[in-house]
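Not measured: the values here are computed from a predicted model.
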Amino acid sequence: DMIIITEIPYYLNRSSLVTKIADLVRDGDLDEVSDLRDESTETTRIVIELKRGMIARVVINKLYKLTPLESSFGAILLALDKKRPKQMSIKEMLECYIEHRREVTFRRTKFQLDKAESRAHLLEGYLLALASLDEIVKIIRASHNRDEAKKALMERYPFSERQTNAILELRLYQLTGMEKDKIDLEYAELKEKIDYLKDILANEHKLLGIIKDELNEIKAKYPSERRTEITEAEGEFRMEDVIPNQGCIITITSNGFVKRTAVDNYKSQKRGGKGVIGAGQRQEDKIDHLFSAKTHDFVMFIMTNGRVYVQKVYEIPEGSRQSKGRSLVNFIQMEKGEKIAAMICADEFTDKYNIVMCTRKGIVKKTSLHDYRNYRQMGLIGINVDEDDVIITAKLTTGDNEMLIVTHNGMSIRFHENDMRTQGRVTRGVKGIKLKDKDYVQAMEVVDNDACLFVAGANGLGKRTNFSEYRVQTRGGTGIIVMKTDAVVSALSVKEEDELFALTSSAQAVRFPVKDVRIIGRTTQGVRIINLGKKDKVIGISKVIEIDEEEA
C-alpha cells in the first residue's frame, strides 16, 4: 500500500516535511513505512510506501499527529467598529457586516422614498392643475407677471410653492390628454412604490430579506470556484487508533510535574521490600498524587478549590520511572495557585454515575457525572468550597453505593450515598463527618462488600479490614476508629488479587500483592508494608491496573 500526499498546508516547506517524516521513520515512530520518496515537480507528490499488512489510516493519523501535515492558522480579525479598533470573532465580524448592510439598505430605501414622495408631490399638483385647467389659464393670463400669477394661484388653490413653480413651467404639449394619461400612470406607479418602500422601513424582516436577496444576486453575478473546501471529515481523527489501551501510573509532584508511566516499568516485589526508584524527582520535590488508569480514559483533574479540568489520559506526557515529567501548568490551563486534590477516570460522561467529593473539613457532595459532559479547556466549577477548606478527594459512584470517610487521626464513618441529595455543580454540599479538634479528613472510599479496606500509615504500617467491621451510620456523626495511629495517609478498597503501589516522600516505590497483607481487626496497628529510611514516610497507596492484550 502507498500513501500519496498531493497537497500540503499553506507556508509549509515541502522538503522540511519530507525530512520530518524521514526522521520519524529513522527514530522508529513510523516503523510502518518501508520507503519514502519526493516525486514532486511543479505540483506536490510525496510517496510513502507501507510495509506489508500495515493499515494506511493508522499511518495517516500518525502523520497528522507527529508532523505539520495538518496545521492550524490563527487570524486576528482587527477592524474599525464605530470608529474604534476592535478584535472580533468570525461571528462578530459577520454581525458587523450584516449591520452595515442593514444600515446601507435602510438609508438607500429612505432616500428612494423621499425621492418618490417628492415626485409624487409634483404629480399631485399637475393633476389638480389639469382638473381646473381653464380657470388656471385664466388666472395666469390675467396676471401682469410670474410673481403675481404665482401668488394668485397659491391663494386660489392649495398648491405648495414647489407645485406652483412646476405648474408655471409646464409646456403647452403637457396639457394634452395623452400627457395627462402618462401623469396618471406615473402617479399610480409612484404610490405603489411608496407603499412598498414604507413597508420595508417598517418591517425589519423584509429589510433583511432584501439584504439576503442582494447577496444571492452578487453570488450569481460574480461566481468563482471556492478555494477552500469545507467538508465533513472522512473520519474524525482519533488518537485511540494509534495508542494502545494499556495500564499506566500517573504521578503528580508537589512542584506540579505530571507524567504517566507504563505499569510494566515496575516489578512486583514481596511485602516489606526496599522498592525501586519511583520517580525522577529531586529530594525537595515530593510526589503528592498517584493514580492508575487506562490510556483511552478521560481523566478529571479535581482541584483543591473545587475546579475541574478534563483531559484524555494519553494526553498526559509519558515518561520513564526516572524522568521528571512535565509541568502541569503547561498541560492544563490552571488558574494561579490551583493544586490537584483528586483524579477520576471514566470512559464516558453518563448519568449512570455520580461524583462524590469530600473536603478536608468533612463536607461531602454528590453530582451526576453527566453534568461534566460539556467540559472546557478553562475548566468547570465542581463545588463551592469554603475559604478555609479544600477538596481532598472525589469518587465515582453508581447511585446505590455506601461511602466510608477516614480521618488523619484514624476515625471513620460509613453512610449510604442516598443520605446526600444530588446537587448541581455550583453548590456547597453537606456535612459528611463531625471532626474532633485538629483532625481532618484523609481519605474517602466507596464500600465494596466483596473487598476489604486497606489502610496505611505514614510509619509504613498497613492492614486489611473487612468492610463489615464498619457499621452503617447516619451522615454527619463522629464515627468509629479505623486504625490506631495519628497519621493515616491512605485508605482504599482492595481485593485479594489486587496489587498495590506505594510511594514515599523520598520518591522510593514498592509494588506488592494485597494478599501479602493479612486481614486483621479494625482497631489494630497493621503490618510493615515498606521499610523506611530515616525521616522518610509513606505518602500514598494506589492500585495497579493490568490490561489484557485482547481488551486493549
I'd like to know if the side chain of [X] reaches the main chain of [Y], judged simply by a donor and an acceptor atom lying under 3.5 Å from each other, with no hydrogens or angles considered.
X	Y	answer
Asp297	Val299	no
Arg307	Met378	yes
Asp498	Lys495	yes
Asp439	Asn409	yes
Arg373	His370	yes
Asn401	Thr398	yes
Arg522	Ile481	yes
Arg260	Ile316	yes
Thr407	Gln442	no
Asp536	Ser506	yes

Should the pair [X]-[Y] be classified as a salt bridge under the 4.0 Å nitrogen-to-oxygen rule?
X	Y	result
Glu469	Arg414	no
Asp388	Lys361	yes
Lys20	Asp23	no
Lys62	Glu32	yes
Arg428	Asp386	yes

Just so I know, are the side chains of [X] and [Y] near enough to count as touching, which here means a heavy-atom distance under 4.5 Å?
X	Y	result
Leu63	Ile21	yes
Tyr470	Thr465	yes
Pro9	Glu70	no
Asp516	Ile529	no
Ile332	Phe301	yes
Arg464	Glu496	yes
Glu499	Phe512	no
Met403	Val447	no

Distance in Å, [X] [atom1] paired with [Y] [atom2], rounded so as to fall on 0.5 Å steps:
X	Y	atom1	atom2	value
Ser493	Lys395	OG	NZ	9.0 Å
Leu461	Thr524	CG	OG1	10.0 Å
Ser412	Met483	OG	CE	12.5 Å
Ile405	Gln473	CD1	CD	11.0 Å
Ile541	Leu500	CD1	CG	6.5 Å
Ile60	Leu50	CD1	CG	8.5 Å

Considering all heavy atoms of both residues, which atom of [X] and which atom of [Y] are nearest to each other, and what is their separation?
X	Y	result
Val441	Cys358	CG1-SG, 3.8 Å
Cys345	Ala293	SG-CB, 3.3 Å
Gln423	Gly429	OE1-CA, 3.3 Å
Val446	Phe467	O-CZ, 4.1 Å
Ile391	Thr359	CD1-CG2, 3.7 Å
Asn418	Gly399	OD1-O, 3.4 Å

### Query
Between the side chains of Ser368 and Asp351, is a donor N or O closer than 3.5 angstrom to an acceptor N or O?
no
### Message
Would you say Thr397 and Glu417 are linked by a side-chain donor-acceptor pair, where the criterion is simply a distance under 3.5 Å?
### Response
yes
### Query
Is Lys312 close enough and on-axis enough to Phe298, meaning under 6.0 Å and within 45°, for cation-pi?
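Checked: cation-pi criterion met.
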### Message
Check for me whether the distance between the ring centres of Tyr375 and Phe349 falls short of 6.0 Å.
### Response
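Here the rings of Phe349 and Tyr375 have centres that are less than 6.0 Å from each other.
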#### Entry: side-chain hydrogen bond (donor to acceptor under 3.5 Å, both in side chains) partner of Tyr309, chosen from Arg376, Glu338, Glu335
Glu338
### Query
Of the options Thr427, Asn384, Asn354, which is the one that meets Lys365 in a side-chain hydrogen bond (donor to acceptor under 3.5 Å, both in side chains)?
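Among Thr427, Asn384, Asn354, the one meeting side-chain hydrogen bond (donor to acceptor under 3.5 Å, both in side chains) with Lys365 is Thr427.
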### Query
For Ile90, does the CD1 atom sit with more than 12 other heavy atoms under 6.0 Å from it, leaving out its own atoms?
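No, CD1 of Ile90 has 12 or fewer neighbouring heavy atoms, counting only those of other groups under 6.0 Å.
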### Message
Apply side-chain contact (heavy atoms from CB on, under 4.5 Å) to residues Tyr440 and Ile392 and explain how you reach the verdict.
### Response
CA-CA 10 Å; Tyr440 57 89; Ile392 58 101; over 6 Å; no
### Task
Sequence neighbours left out, what passes side chain to side chain donor-acceptor pair (under 3.5 Å) with Asp400? Give chain and number order.
His416
### Message
Go through it in stages, so that I can follow the logic: the residues are Lys259 and Arg326, the test is side-chain contact (heavy atoms from CB on, under 4.5 Å), and I'd like the CA-CA distance, side-chain angles, deciding distance and then a yes or no.
### Response
CA-CA 6 Å; Lys259 71 173 181 179; Arg326 182 179 173 187; over 6 Å; no
### Message
I'd like to check the salt bridge (Lys or Arg N to Asp or Glu O under 4.0 Å) partners of Arg360; sequence neighbours left out, ordered by chain and number.
### Response
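So Arg360 forms no salt bridge (Lys or Arg N to Asp or Glu O under 4.0 Å) with any residue.
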### Task
Assess whether side-chain contact (heavy atoms from CB on, under 4.5 Å) is satisfied between Leu380 and Tyr372, documenting all intermediate values.
CA-CA 8 Å; Leu380 298 170; Tyr372 292 88; 4.0 Å; yes
### Residues Leu369, Leu396; criterion side-chain contact (heavy atoms from CB on, under 4.5 Å); working and verdict
CA-CA 8 Å; Leu369 181 62; Leu396 271 183; 4.0 Å; yes
